[in-house]
Amino acid sequence: MQFKEKVLKLTRKIPKGRVTTYKLIAGKLKTRAYRAVGTALHKNKRLIIIPCHRVVNSNGFIGGYSKGTKKKTELLKKEGIKIKNKKIINFEKILFRF
DNA sequence: CGCAGTCTAGCAC
DNA sequence: GTGCTAGACTGCG
């Protein structure tokens, strides 16, 4: 199992309507490479299967997305997550801590 | 606001 | 096969 495979697998476990952060994922994998987590999601070719739009910065900001942050924001809103000015509302409430 | 830390994938040699 | 660079980040000064 490759590093990115683990990242993707964890990301896929995030329930609908919840989000998590790069930092949490890295920590779950016993590493401090949050940067590498971002890379893994960026390189992943299965944006449909992997809900990488549910992964955000540690402070609740959207961060980046292959298809554009706008698209990411829309997807999150569609799942019931409120977004305001590129930032997640009730971030701490919907944060998924695995 | 700017710099450094940390890890992986991708491309070059 | 080895080495260097960039990347969807974070934390500290």
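Labels below follow one simple rule: chain letters A, B, ... track the order of the sequence lines, proteins then strands, and each chain is numbered from 1.
- Across all strands shown, B/dG5 forms a Watson-Crick or G-U wobble pair, both distances under 3.5 Å, with C/dC9.
- Rounding to whole angstrom units, NZ of residue A/Lys23 and P of B/dC7 are separated by 14 Å.
- Comparing A/Tyr34 and A/Lys4 along DNA chain B, the residue whose closest nucleotide (by nearest heavy atom) sits nearer the 5' end is A/Tyr34.
- When rounded to the nearest whole Å, the span between CG of A/Leu41 and P of C/dA6 equals 21 Å.
- Stacking of A/Lys87 on the aromatic ring of A/Phe61 is recorded, both the 6.0 Å distance cut-off and the 45° axial limit being met.
- Per the geometry, CZ belonging to A/Arg35 stands 16 Å off P belonging to B/dC3, to the nearest Å.
- To the nearest 0.5 Å, the span separating CZ on A/Arg18 from CZ on A/Phe98 amounts to 10.5 Å.
- Of the side-chain N and O atoms in A/Asn57, one or more sit less than 4.0 angstrom from OP1 or OP2 of C/dT10.
- In terms of position along DNA chain C, the nucleotide closest to A/Val37 lies nearer the 5' end than the nucleotide closest to the other residue of the pair A/Asn59 and A/Val37.
- A pairwise comparison of heavy atoms in A/Asn44 and A/Cys52 identifies ND2-SG, 3.9 Å as the closest pair.
- Among the candidates A/Leu76, A/Asn57, A/Asn85, the single residue satisfying the side chain to side chain contact (heavy atoms under 4.5 Å, CB included) test with A/Ile62 is A/Leu76.
- The CG-C1' distance, from A/Leu29 to B/dT6, rounds to 14 Å in whole Å.
- Distance CD1 (A/Ile25) to P (C/dA8): 15 Å, rounded to an integer number of Å.
- We find that NE2 of A/His53 is positioned 18 Å from P of C/dA8, with the value rounded to whole Å.
- Using a 4.0 Å heavy-atom criterion, one finds that A/Arg32 contacts the sugar-phosphate atoms exclusively.
- Among the candidates A/Thr73, A/Leu47, A/Val55, the single residue satisfying the side chain to side chain contact (heavy atoms under 4.5 Å, CB included) test with A/Tyr65 is A/Leu47.
- The nearest whole Å value for the distance from the CG atom in A/Leu8 to the P atom in C/dA8 is 15 Å.
- In this structure, the CG atom of A/Leu24 is 12 Å from the C1' atom of C/dT10, given to the nearest Å.
- Counting non-hydrogen atoms under 4.0 angstrom, A/Leu47 reaches a base of the nucleic acid.
- Looking at heavy-atom distances under 4.0 Å, A/Tyr22 makes contact with a base.
- Within the nucleic acid shown, A/Ser58 comes within 4.0 Å of sugar-phosphate atoms alone, with no base atom in reach, counting heavy atoms only.
- Nucleic acid contact class of A/Ser66 (heavy atoms, under 4.0 Å, all strands): base.
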